[in-house]
Visitor: 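Have a look at this one before I ask anything.
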Amino acid sequence: QSSSASKKCHCQEINFLFIVFDSILLLSLGLGTMGQGIVTSLVKANIPVVALEQNLEYLNKGRKAVMLLLEREAMKMEEGAQTLDFHNPARLQFTVDFDLMRDVDLVIEAVFENMALKKEIFHKLSKICKPGALLCTNTSALNIDEIASATSRPQQVIGTHFFSPAHVMRLLEIIYGRHTSPTAIATAMQLAKALKKVGVVVGNCFGFVGNRMMFPYVQQAVFLLEEGNFGFKIGP
Ligand SMILES: CCCCCCC[C@H](O)CC(=O)SCCNC(=O)CCNC(=O)[C@H](O)C(C)(C)COP(=O)([O-])OP(=O)([O-])OC[C@H]1O[C@@H](n2cnc3c(N)ncnc32)[C@H](O)[C@@H]1OP(=O)([O-])[O-]
Ligand SMILES: NC(=O)c1ccc[n+]([C@@H]2O[C@H](COP(=O)([O-])OP(=O)(O)OC[C@H]3O[C@@H](n4cnc5c(N)ncnc54)[C@H](O)[C@@H]3O)[C@@H](O)[C@H]2O)c1
């Protein structure tokens, strides 16, 4: 009975979730390969976004790349008579000012794959962001629970693993940690839908699902190369 009671409780929590992503301000943290694609996806979905970088040099590089991607997307959309309002600072803003984090409802972190750096950033986010803000990480393989342990709100920490190129690839792995709330999972699923991606909820283990399958393939390809087996005929 206690298990059905807890299931009911989760369902009720999810039923109360009516998020209109149009009214939500997202922040993408890190404007490298993945940040650029993620920001492009968000803008394409008409979600207001702030893109944050560590310094002006990286910011300008990232901004240039995002603008190029968006111009291409806008050209494609114009043919379909839709508009992409990406020159409007109310829809897309670039900054190095961490304080702008205060107002956002959802953060997607895409900085270097380094646990110490991610923990430092999540600690900062949990201090600065408003209490309800959801904190997402785009980590490829790091432990979501360890990242969440740097915050005072582990129930609001979740993995949103985009695949490269993020504005093209449709898979979005949604990784829940030990403390991630059902509301956080439902919100991340809703985000996937808003981005027209396929959200797949997976558990927290090394490489999650996609990379756990890919890493051995890559490893075997390297072994084949090392052993000089590429280029030989197979079969009779
Ligand atoms: C060992 C440790 C490694 C750690 C790695 C971590 C891995 C990570 O966690 C998980 C991953 O992401 S795993 C990686 C998972 N990712 C994969 O496996 C992806 C592998 N790639 C593919 O499957 C194909 O290239 C696509 C399906 C992306 C496109 O296929 P298609 O439709 O036949 O090709 P198309 O018609 O030619 O291009 C369509 C549009 O896409 C654009 N574009 C393409 N590539 C781009 C790029 N790199 N950049 C930017 N844009 C790129 C292209 O410009 C074009 O835009 P346009 O504006 O219309 O001109
Ligand atoms: N590249 C991929 O194929 C891929 C795919 C899926 C997931 N990921 C994951 O996404 C994350 C980002 O990967 P990437 O390939 O985009 O890396 P990248 O090196 O291209 O970009 C990282 C960006 O983070 C910025 N950054 C670093 N510290 C920062 C800080 N304190 N504040 C703001 N910005 C900061 C850097 O300036 C840089 O522009 C990693 O966790 C990676 O594992 C990568």
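A quick note: this is a predicted structure, and the numbers were derived from the prediction, not measured. We count ligands from 1, going down the list as the structure has it; atoms in each ligand are counted the same way.
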Visitor: Salt bridge between Arg63 and Glu53, side-chain N to carboxylate O under 4.0 Å?
Guide: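 So Arg63 does not pair with Glu53 through a salt bridge.
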Visitor: Which heavy atom of the protein is the closest neighbour of atom 21 (O) of ligand 2, given with residue, atom name and distance?
Guide: Gly32 CA, 3.2 Å
Visitor: Filter on ring pair (Phe, Tyr, Trp, His ring centres under 6.0 Å), then keep only pairs touching residues 31-61, sequence neighbours left out; what's left?
Guide: none
Visitor: Starting from atom 20 (O) of ligand 2, locate the nearest protein heavy atom and write down its residue, its atom name and how far away it is, to 0.1 Å.
Guide: Thr33 N, 3.0 Å
Visitor: Out of the candidates Leu27, Leu52, Leu59, only one should pair with Thr95 under the side chain to side chain contact (heavy atoms under 4.5 Å, CB included) rule; please name it.
Guide: Leu52
Visitor: My understanding is that we take every heavy atom of each candidate and find the minimum distance to atom 27 (C) of ligand 2. Doing that for Tyr58, Phe112, Phe98, which one comes out nearest?
Guide: Phe112
Visitor: Against heavy atoms of Gly30, which atoms of ligand 2 measure under 4.0 Å?
Guide: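 Counting from 1, the qualifying ligand atoms are 24 (O), 25 (C), 34 (N).
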Visitor: I'd like to know if the side chain of Glu173 and the backbone of Gly210 have a donor-acceptor N/O pair within less than 3.5 Å.
Guide: yes
Visitor: Should you measure from each heavy atom of Lys118, which atoms of ligand 2 turn up under 4.0 Å away?
Guide: 40 (C), 41 (O)
Visitor: Show me which atoms of ligand 2 lie under 4.0 Å from any heavy atom of Ser140.
Guide: 6 (C), 7 (C), 8 (N), 9 (C), 42 (C), 43 (O), 44 (C)
Visitor: Is ligand 2 under 4.0 Å from a heavy atom in the side chain of Ile121, in the backbone, in both, or in neither?
Guide: side chain
Visitor: Quick one: closest heavy-atom pair of Lys130 and Val104, and the distance?
Guide: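 Looks like CE-O, 3.5 Å.
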Visitor: I need the nearest protein heavy-atom contact for atom 35 (C) of ligand 2: residue, atom name and distance, please.
Guide: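 Atom 35 (C) of ligand 2 sits closest to the protein heavy atom Val111 CG1, 3.4 Å.
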Visitor: How close do Asn211 and Ser140 get, counting heavy atoms only, and between which atoms?
Guide: ND2-O, 3.0 Å
Visitor: Can you tell me which residue and heavy atom of the protein come closest to atom 3 (O) of ligand 2, and the distance to 0.1 Å?
Guide: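 The closest one turns out to be Ser164 CB, 3.3 Å.
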Visitor: Considering residues, nucleotides and ligands other than Lys196, do more than 12 of their heavy atoms fall under 6.0 Å from its NZ?
Guide: no
Visitor: Are Val96 and Gln54 close enough, and set up right, to give a side-chain contact (heavy atoms from CB on, under 4.5 Å), and what steps lead you there?
Guide: CA-CA 6 Å; Val96 289; Gln54 58 176 332; over 6 Å; no
Visitor: How far apart are the closest heavy atoms of Phe208 and Gly203, and which atoms are they?
Guide: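 Taking Phe208 first and Gly203 second, the nearest heavy atoms are CD2-O, 4.0 Å.
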Visitor: Could you give all pairs that pass the ring pair (Phe, Tyr, Trp, His ring centres under 6.0 Å) test and reach residues 187-206, with sequence neighbours left out?
Guide: Phe206-Phe215
Visitor: Of the side chain and backbone of Thr137, name the one, both, or neither that has a heavy atom under 4.0 Å from an atom of ligand 2.
Guide: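 It is neither; nothing of Thr137 touches ligand 2.
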Visitor: Walk me through it: do Met115 and Ile147 pass the test side-chain contact (heavy atoms from CB on, under 4.5 Å)?
Guide: CA-CA 7 Å; Met115 180 56 92; Ile147 295 174; 3.8 Å; yes
Visitor: For ligand 2, which is the ligand I care about here, please tell me if Glu109 has any N or O atom under 3.5 Å from one of the ligand's N or O atoms.
Guide: no
Visitor: Short list, please: which atoms of ligand 2 are under 4.0 Å from a heavy atom of Thr139?
Guide: 41 (O)
Visitor: Compile the protein residues with any heavy atom at a distance under 4.0 Å from an atom of ligand 1; present them by chain, then by number.
Guide: Arg72, Lys76, Ser140, His161, Phe163, Ser164, Pro165, His167, Val168, Met169, Asn211, Met214, Phe215
Visitor: If you take all heavy atoms of Ile158 and Ile185, which pair is closest and at what distance?
Guide: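 Taking every non-hydrogen atom into account, CD1-CA, 3.7 Å.
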Visitor: How far is atom 13 (O) of ligand 2 from its nearest protein heavy atom, and which residue and atom name does that atom have?
Guide: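 The protein heavy atom lying closest is Met34 CG, 3.9 Å.
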Visitor: Would you find a donor on one side and an acceptor on the other, under 3.5 Å apart, between the side chain of Asn204 and the backbone of Gly177?
Guide: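 Side chain of Asn204 to backbone of Gly177, a donor-acceptor pair under 3.5 Å: no, none is there.
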Visitor: Quick check on contacts: which atoms of ligand 2 are under 4.0 angstrom from a heavy atom of His161?
Guide: 6 (C), 7 (C)
Visitor: For ligand 2, which atoms sit closer than 4.0 Å to a heavy atom of Leu117?
Guide: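 Those qualifying, in numeric order: 28 (N).
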Visitor: Can you tell me if Thr151 uses its side chain to pair, donor with acceptor, with the backbone of Arg153 under 3.5 Å?
Guide: yes
Visitor: Looking only at protein heavy atoms, which one is nearest to atom 39 (O) of ligand 2, and how far off is it?
Guide: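 Answer, as residue, atom name and distance: Glu53 OE2, 2.5 Å.
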Visitor: Students should be able to answer this: which protein heavy-atom is nearest to atom 6 (C) of ligand 2, and at what distance?
Guide: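 Scanning the protein heavy atoms, the shortest distance from atom 6 (C) of ligand 2 goes to Phe162 O, 3.1 Å.
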Visitor: Does the protein place any heavy atom closer than 4.0 Å to atom 17 (O) of ligand 2?
Guide: no
Visitor: Does any N or O in the side chain of Glu109 come within less than 3.5 Å of the main-chain N or O of Ile121, such that one atom is a donor and the other an acceptor?
Guide: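 Absent.
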Visitor: Any atom of ligand 2 sitting under 4.0 Å from a heavy atom of Gly62?
Guide: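 No; Gly62 lies far enough from ligand 2 that no heavy-atom distance drops under 4.0 Å.
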Visitor: With heavy atoms under 4.0 Å as the rule, classify the contact between Phe163 and ligand 2 as side chain, backbone, both or neither.
Guide: neither
Visitor: Between Phe162 and Lys197, is there a cation-pi geometry (under 6.0 Å to ring centre, at most 45° from the normal)?
Guide: no
Visitor: Heavy-atom distances under 4.0 Å are what count here, so tell me which part of Leu29 touches ligand 2: side chain, backbone, both or neither.
Guide: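 It is the side chain that touches ligand 2; the backbone stays farther off.
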Visitor: List in chain and number order the residues that pass side chain to side chain contact (heavy atoms under 4.5 Å, CB included) with His179, two or more places apart in sequence or in another chain; answer none if no residue qualifies.
Guide: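 Partners of His179 by the side chain to side chain contact (heavy atoms under 4.5 Å, CB included) criterion, ordered by chain and then number, come out as Pro154.
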Visitor: Measure the distance from atom 9 (C) of ligand 2 to every protein heavy atom, then report the residue, atom name and distance (to 0.1 Å) of the closest one.
Guide: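 The closest heavy atom on the protein side is Asn138 O, 3.2 Å.
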